[in-house]
Amino acid sequence: MSNSPQTAIYQVLRLIPAGKVVTYGEVAKLAGLGRAARFVGTTLRKLPKDSQLPWHRVVNSQGRISLPDHHPSRKKQQDLLAEEGVVFINGRIDLQKFLWTP
DNA sequence: GTGTTGACTATCG
DNA sequence: ACGATAGCCAACA
């Protein structure tokens with residue numbers, strides 16, 4: 001088992017199926033971090049650019065991409081999700097259809 | 001040990 | 001529906 005919180009987050013990310021998304025809060029809870037949703041975002045920001053983890057399937061509770069507008073990966077995240085079948089409407093995801101929960 | 005930070009969330013006006 | 005505010009929690013200086 002993983003003692004490191006960030007390792008626990010990595011394991012949770014691998015469980016997310018393509019075409020679905022999860023919120024930061026859900027990832028935190030599944031990783032055993034309770035309500036440390038902010039920590040999930042901080043951890044993802046530190047991920048290496050060549051990471052194989054599906055970090056792009058993590059969005060905020062509003063169904064929006066949380067990255068700042070000027071962040072280069074923001075555009076890439078939406079593009080990756082769109083390729084997996086996640087539909088964006090006015091820059092927003094319909095969580096009632098695409099939110100994944102175990 | 002103390003205070004600040006942040007890819008968050010729930011609540012309020 | 002939208003912006004501002006307060007609450008949360010681990011990492012960092």
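Below, read A as the first sequence line, B as the second, and so on, with proteins coming before strands; counting in each chain starts at 1. Keep in mind that the numbers below use all heavy atoms, side chains included, and drop hydrogens, waters and symmetry copies.
We find the CZ-CG distance between A/Arg57 and A/Leu81 to be 8.0 Å, quoted to the nearest 0.5 Å. How far CD1 of A/Ile9 is from CG of A/Leu44: 6.5 Å, rounded to the nearest 0.5 Å.
Residue-to-nucleotide proximity on DNA chain C shows that, of A/Arg38 and A/Arg92, the 5′-proximal contact is made by A/Arg92. Each of A/Lys46 and A/Arg35 has a nearest nucleotide on DNA chain C; the 5'-most of these lies closest to A/Arg35.
Residue A/Phe39 has its side chain nearest to C/dA11 when only C/dA11, C/dC8, C/dA1 are considered.
Across all strands, A/Thr23 comes closer than 4.0 Å only to sugar-phosphate atoms, never to a base (heavy-atom distances). Note on A/Lys29: nothing from the nucleic acid sits closer than 4.0 angstrom, heavy atoms only. When heavy atoms are screened at a 4.0 angstrom cut-off, A/Arg64 is found touching no nucleic acid atom at all.
At a threshold of 4.5 Å between non-hydrogen side-chain atoms, the residues A/Val58 and A/Leu13 count as touching.
Note: OH (A/Tyr24) to C1' (C/dC9) measures 16 Å, nearest angstrom.
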Quick one, A/Phe88 with A/Ile93, criterion side chain to side chain contact (heavy atoms under 4.5 Å, CB included). Give me CA distance, side-chain angles, the key distance, then yes/no. CA-CA 5 Å; A/Phe88 280 80; A/Ile93 299 171; 3.6 Å; yes

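Other residues, nucleotides and ligands contribute over 12 non-hydrogen atoms within 6.0 Å of the NZ atom of A/Lys20.
The outermost nucleotides of DNA chain B lying under 4.0 Å from heavy atoms of chain A, listed 5' to 3', are B/dG6 to B/dA10.
A side chain to side chain contact (heavy atoms under 4.5 Å, CB included) with A/Val22 is found for exactly one of A/Thr101, A/Ile16, A/Val40, A/Leu30, namely A/Ile16.
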